[in-house]
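Quick caveat, the model's predicted, so the values are computed rather than measured. Reminder, nothing fancy here: chain letters follow the sequence lines and each chain counts from 1.
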Protein chains: 4
Amino acid sequence: MSEKRDQIVAAALKLFCQKGFQNTSTAAISKEAGVATGTLFLYFKSKEELINALYSETKNAMAAYVQEDLPAAAAALETQLLHCWRRAAEWALEHPFHYRFSAMFSNSPFITKLTRDEAASSFLFMQDIIEKGIKQGNLAGMDKNLFISLFSGQLHATITFVENQQSSSNHKEVLEQTFHFFMKGVAAA
Amino acid sequence: MSEKRDQIVAAALKLFCQKGFQNTSTAAISKEAGVATGTLFLYFKSKEELINALYSETKNAMAAYVQEDLPAAAAALETQLLHCWRRAAEWALEHPFHYRFSAMFSNSPFITKLTRDEAASSFLFMQDIIEKGIKQGNLAGMDKNLFISLFSGQLHATITFVENQQSSSNHKEVLEQTFHFFMKGVAAA
Amino acid sequence: MSEKRDQIVAAALKLFCQKGFQNTSTAAISKEAGVATGTLFLYFKSKEELINALYSETKNAMAAYVQEDLPAAAAALETQLLHCWRRAAEWALEHPFHYRFSAMFSNSPFITKLTRDEAASSFLFMQDIIEKGIKQGNLAGMDKNLFISLFSGQLHATITFVENQQSSSNHKEVLEQTFHFFMKGVAAA
Amino acid sequence: MSEKRDQIVAAALKLFCQKGFQNTSTAAISKEAGVATGTLFLYFKSKEELINALYSETKNAMAAYVQEDLPAAAAALETQLLHCWRRAAEWALEHPFHYRFSAMFSNSPFITKLTRDEAASSFLFMQDIIEKGIKQGNLAGMDKNLFISLFSGQLHATITFVENQQSSSNHKEVLEQTFHFFMKGVAAA
DNA sequence: CATGAATGAGCATTCATTCAT
DNA sequence: CATGAATGAATGCTCATTCAT
C-alpha cells in the first residue's frame, strides 16, 4: 500500500529473524526502516498487531504461491503434492526472512488464535487434496491431520537443510529425493 | 542440589511453557516457586543463564533416557532407531513441559550457540548409529545431517500429534506406524 | 469568523467538558469537528492558545450577557446585583458546556495569567457596582474582593445545584432564595 | 508507612499544585522525592492511583481534623457549624498544598467516582449535623445538599481570600465575620 | 484555505538485577 | 543462604505540531 509501510514490514521481518521478537524494539524497527518512531504506529496499532499482520501476510503469500498452477483436481495425488512440495520450497528459498519468521513464530504465544486460524484457512486447499487421496485409498490409513503434520515436518526439515548448505547446486535433487522418501513411506501398502 | 533450586526450575519451566519466555518475569517465577526475588539470582547468574541451564538439563536428561538400554552396536540399525524413537516419545509424553519447552526454545535466539552445541553433543551417539547405517548401505544415499533432520522432524510431528489427541489409547500404534513409514521411505532401494 | 473555526470551538468545548483537557487530543477535536488535523492549527497556534481563546470568549460572552439591560447606576445596589445574579444564572443554564468549561479551567494552570486578567477585566463593571455599595454603607464593612468571592461562590454553588436537579420547575425560586440569603447575610447591620 | 512513600506523596502534592497533574511527570515526582523512577510504582500501581490515594488521604485527614473535639450533638447547631468552619480553615491554612490540591482536583476527571464517594463518606457527619438543624427548624427551609454546597462554597471563598492576603494578622476575624454572614443569611426567618 | 501523512520528543510503566539486612 | 525493597535503563506508545500537496 504505502512505501513506508513496506519499509517497516521489511525492517521488522529482518530484525525479528536476526534478534527475535522481544529483543527487537519498535524504535529499532523504525530506525532500520528509515522512518520516525511514530510512523510504525500509523500503520500498525501495536507491536503485536505488526507481528500478526506479518504472519498473516506471509502465510497468505506462501499459500497463494503454492496454489498457483496447481494441477487440476483430476490429477494424481502425487502430482498435486509434488507441485505443492516444490512450490513451497521455492517460495521459502526465495523469501528466507519470511520463511524463517513464520517458522520461528508459528508456535509463539504472540500469534493470536485468530491469526493462526486465518493462516490455517489459507491452506485449506491442502486438506482437500489429502482428503481426496485418503478416500481414493492412495494413502496408508492415517489421520488427515497427522498426514499434514508429517508432510509439513519433512518439507520443513528439507528446506532448512537445503538453506544451510553451502553450495546450492543440488537443491532440486535433494528436494525431489526427500519428497520421494516421504511418498514411499506413506503410500498405501 | 538445593530444594529451592528445584522449585525455581520447575516454576520456570511451567511458566515459560504457558506464557512464553519474555512474558514470564523473574518475579513471577520466584512467586510461583515460593521464594524471594533475590533467591533466583543466587542459583542463576541471570535470566538467560536460567534458560540455558534449563535447556541443557532437559536435553541431557532426554538423551540419557534415550540411551538407556540401547541395543548393542552389533544390533540392526532399525532395532536401534526404533529404540530411540520409542524412548524419545515416552520421555516427551511423560515430561510434557520439558518437551514443549525445548521445542519452543530450540530455535530461539535466547539459546546461545554454546548451549546448543553442548546439547547436540549429548546426542552424538545418534550420529554414530546413523554413520554406521550409512556405511553398511542400509540407508538410501543421504547426508547424515539430513537424515537426522528428517528423523527428528517426523518424530516431533508424531509426538505433537499424539499429545494433542483426546484419547491416549492408540498412542503406541501411531508411533509404530509413523516409524515404519519413515523407515520404509529412507530404506535403501 | 469562519464556519470551521466555529466547529472546532464547539467540538473542543464539548470534549473538554466530557473528558477533561488533557484527555482530549487535538486529533479528537478535529475529528469531532469534522475537519482535518491540520485545520485546527490554522485557527489556533497551539492547543494552549485554543484553551485560552475558549476561556476568554466564554468569559466575555457571559459578561456581555450579564451587563445587558443592567439597571442604571442610580438604581439600588440590590436591584443591580439581583440583575447580575439572574442573568449569570440564565446564561450558565443555557450554555452548560461553556459554564462547566470555565468552572473547570478557571483554576487550572493552563489558563495563563494574561488570559485570566483579560477575563477579569470584562467583569470590572461588577467591581464598580460593589465599590459604590460599600461607599454608600449598604454593605457590612468588607473587602471588595472578599465580597466578589463570596458573591461568585454562592452563585456558583446555586447554579451547580440547580443544574444537577432532576426537575427544572423551581429553578427560579431556588435562585431567588439563595440570592436573598446572601444579601441578608452581607447587609449592613 | 514507609519513608520513601512519604517523600513521594509530598513531592507529588507539591508538583501537582505547582504545575498541574498532567504537566507533572512521574519521573519529575521521583526526582523531587529523591527516589528512583521505579520506586513510585512500588507504592502506587499507577499515576492515577497515586492521585486518588492523595485525594482520599487528604480528604480523610481534613475530615478527621474537623471532627476532633466536635461539640456534642446536644450543642446548638451554630456552635457545631462554627467549630467545623474554624477547624476546616485552620487545617487548610496549615496544609496549603493539601488544600489547594483537593480544591484543584475535586472536579477533575482523574478522581474516580469510587474515590469521590469514599471522600464524601468521611464527611457524612456534616450531613447529620445539618439534618438535625433542618428538623429543629433552625434553618430556612432548604435542601440539605444545597445547604452543604453553600456552606462549603462560602468557606472555600473565605479560605482562598485569607490565603492570598499579605498580612495574616486578621485571619481569625475575617473567618468569624464570613461565618456570621453565612449564618445570618440561612437562619430561619 | 484545507488536508492528513509524517514526525520525534516525551511519558508511564516494567523488570532484571543488586545489596543491606 | 535467603530476603524483598530499591534501582534505573529500556520500551511501547501518544500526540501536538509541521508541511508538502
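A:Leu40 has its CG atom 10 Å from the C1' atom of F:dG12, to the nearest Å. Between A:Lys31 atom NZ and F:dG12 atom C1' there is a gap of 17 Å when expressed in whole angstrom units. When rounded to the nearest whole Å, the span between CD1 of C:Ile29 and P of F:dC15 equals 12 Å. If you measure from atom NZ of A:Lys4 to atom P of E:dA6, you get 6 Å, rounded to the nearest angstrom. Taking atom CZ on C:Phe44 and atom P on F:dC15, their separation rounds to 20 Å, with Å as the unit.
Side-chain proximity of C:Leu42 to the nucleotides F:dA6, F:dT3, E:dA2 is greatest for E:dA2. Each of E:dT3, E:dG8, F:dT3 was ranked by its minimum atom distance to the side chain of C:Thr39; first place goes to E:dT3. Nearest to the side chain of D:Tyr43, among E:dT7, F:dA5, F:dG4, sits F:dA5.
Here the closest non-hydrogen pair linking A:Tyr55 and A:Ser102 is CE1-O, 3.9 Å.
Going from the C1' atom of E:dC1 to that of F:dT21 covers 13 Å, rounded to whole Å.
In a base pair of the Watson-Crick type (N1 to N3 plus N6-O4 or O6-N4) or a G-U wobble (N1-O2 and O6-N3), with each distance short of 3.5 Å, E:dT18 is matched with F:dA5.
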Inset, instruction - Can you check each nucleotide of nucleotides 11-21 of chain E against protein heavy atoms at under 4.0 Å and return B for base, S for sugar-phosphate only, - for none, in 5' to 3' order? - result: -BBB-BBB---
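Between A:Asp6 and A:Tyr43 there is no side-chain heavy-atom pair separated by less than 4.5 Å.
When each of A:Glu48, A:Glu49, A:Lys47 is tested with A:Lys45 by the rule side-chain contact (heavy atoms from CB on, under 4.5 Å), just one qualifies, namely A:Glu49.
Taking 4.0 Å as the cut-off between side-chain N and carboxylate O, A:Lys19 and A:Glu32 do not count as a salt-bridged pair.
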